[in-house]
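Both ligands and their constituent atoms are indexed starting at 1 by order of listing. We number each residue from 1, following the sequence as shown. Quick caveat: nothing in here was measured; it's all calculated off a predicted structure.
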Amino acid sequence: MTENSTRRYKFVVVGTGAMAATMMPTFAQAGVDVTGVLSRDPERSRRFASIFGIPTAGPDLVAYLKSQEVDAVYIANAPQDHATAAIAALEAGKAVLCEKPMAVSATEAERVVDAARRTGKLCMEGLWTLFLPSYERFLALARAETFGEARHLIADFGYPVSEEVRPQLYSLLGGGVMLDRAIYLIALAISVFGPVERMDAQLDFTDGGVDRDVSLQLSHQGGKHSQLTASFTSLMSNTATLACSKGSIRLEPPLVGSETISTQHASLVQPPQETPLPTSVGENLIRSLRAYPQMRRIRRALGILSRRHFWYGRNPYLPELRHFIELLGTGAQESNIVPLQLSLNIQRIITSARADHRR
Ligand SMILES: NC(=O)c1ccc[n+]([C@@H]2O[C@H](COP(=O)([O-])OP(=O)(O)OC[C@H]3O[C@@H](n4cnc5c(N)ncnc54)[C@H](OP(=O)(O)O)[C@@H]3O)[C@@H](O)[C@H]2O)c1
């Protein structure tokens with residue numbers, strides 16, 4: 001084992017909400033020491049510190065980083081405050097793991113990326129789904145063209161959530177279905193097909209002006225397309241299907257957290273193609289066999305999806321965190337799975353979709 005693989009890194013957590021609490025056992029599992037927690041409200045940070053046994057708590061990130069030894073900052077406050085915290089941490093010479101969304105606009109995301117490149121410090125957006133074993137497999141099958149050339153991605157992510165239950169999702173400052181949900185779909189689409197060349201976006205807004213439903217049609221290089229739908233209002237299929245020239249690959253529900261991949265070979269599911277007149281004895285035999293319902297049933301059974309499970313274990317955020325720790329160990333400045341350019345491209349799509357619709 002190298003020194004870096006056994007080293008315990010010190011993290012400070014910014015934010016005391018649901019996600020910060022969810023990550024605490026993940027840090028413990030990954031062997032990270034959380035040495036501080038910061039909140040706008042000092043009392044809340046003290047309470048969080050006491051629940052999770054964190055030695056220090058405070059209100060001000062910049063002052064905190066000046067006075068404490070820290071390797072990395074995990075940012076999990078409200079989305080509208082991510083960019084400011086990320087830039088402050090990078091400028092203080094710390095690595096940053098920032099919850100999604102890394103920023104709430106393309107301009108803000110550009111500032112974070114500039115700060116990361118200027119300081120040379122590691123910065124990664126927490127697009128955790130891309131690190132799940134099922135997603136790794138999905139992307140590997142797509143890249144290896146195991147089912148032929150991948151041409152279309154059809155993905156949706158949605159279940160109803162009301163403003164009463166999750167008011168922050170409906171906040172004009174950092175809420176909206178694009179930043180909360182479509183972000184995962186866009187990340188997957190770009191990871192499969194690369195940058196987006198053209199986009200058509202259909203958005204539906206609440207009376208308060210927050211996007212709550214979105215359908216995106218993305219065109220990528222080489223005539224590849226992604227059809228993405230995200231919703232705060234409706235239960236969707238919560239799957240992602242990659243349609244390829246020789247079959248399909250599907251991430252089964254729940255898409256965000258999927259542990260199952262189904263695959264189908266086109267030859268087993270496409271409808272029988274009859275020639276007007278059989279041209280051989282063989283064709284005639286096949287034609288008459290198809291007339292038997294039992295044969296059709298066998299064919300259908302053969303065409304049933306083949307399913308494989310890719311468990312992530314107890315904690316879906318662990319693969320993402322382990323990747324980030326590995327990057328810290330190697331001194332890398334960005335992730336090859338969630339590079340800064342991916343975060344930037346996602347924000348540009350979101351900003352442009354919102355702007356187009358409001359024009
Ligand atoms: N990776 C995932 O699966 C996942 C899941 C859920 C959420 N998230 C992301 O994690 C981040 C935090 O989400 P969460 O569910 O933990 O949110 P949350 O519980 O509502 O709040 C997180 C923090 O945001 C700050 N905050 C809350 N309301 C605010 C307001 N009105 N104005 C300014 N700040 C406010 C608070 O920080 P202070 O302590 O400083 O007051 C709070 O500790 C979000 O970016 C979210 O998208 C990711």
* Would you check whether D41 has a nitrogen or oxygen atom less than 3.5 angstrom from a nitrogen or oxygen atom of ligand 1? =>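 In this structure, D41 places no N or O atom under 3.5 Å from an N or O of ligand 1.
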* Backbone or side chain, does any N or O of P101 fall under 3.5 Å from an N or O of ligand 1? -> no
Atoms in ligand 1 flagged as close to [X], the criterion being non-hydrogen separation under 4.0 Å:
X: Q168; answer: 20 (O)
X: A76; answer: 12 (C), 22 (C), 23 (C)
X: H82; answer: 45 (O)

* Taking the six-membered ring of F138, is the NZ or CZ of R143 close enough (under 6.0 Å from the centre) and on axis enough (within 45°)? ->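 Output no; distance or angle outside limits.
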* Asked: With a 4.0 Å heavy-atom cut-off (strictly under), which part of F48 contacts ligand 1: side chain, backbone, both or neither?
  ->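 Near ligand 1, F48 shows nothing, with every heavy atom at 4.0 Å or more.
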* Parallel under 30°, tilted from 30 to 60°, perpendicular over 60°: which one fits the rings of F11 and F324? -> perpendicular
* To do: Measure the acute angle between the ring planes of F131 and H323, then classify it against the limits of 30° and 60° as parallel, tilted or perpendicular.
  =>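 Taking H323 first and then F131, their aromatic rings sit tilted (interplane angle of 30° to 60°).
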* Structure fact -> Of Q80, K100, M19, the one whose closest heavy atom lies nearest atom 46 (C) of ligand 1 is K100
* To do: Compare R40, E320, M23 and give the one whose heavy atom is closest to atom 33 (C) of ligand 1.
  => R40
* Asked: Less than 4.5 Å apart, any side-chain heavy atom of Y184 and any of L130?
  -> no
* Asked: Under 3.5 Å, is there a donor-acceptor pair linking the side chains of S343 and E125?
  -> yes
* To do: Apply side chain to side chain contact (heavy atoms under 4.5 Å, CB included) to Q333 and list each qualifying residue two or more places apart in sequence or on a separate chain.
  =>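 Scan of Q333 (side chain to side chain contact (heavy atoms under 4.5 Å, CB included), adjacent residues dropped) gives none.
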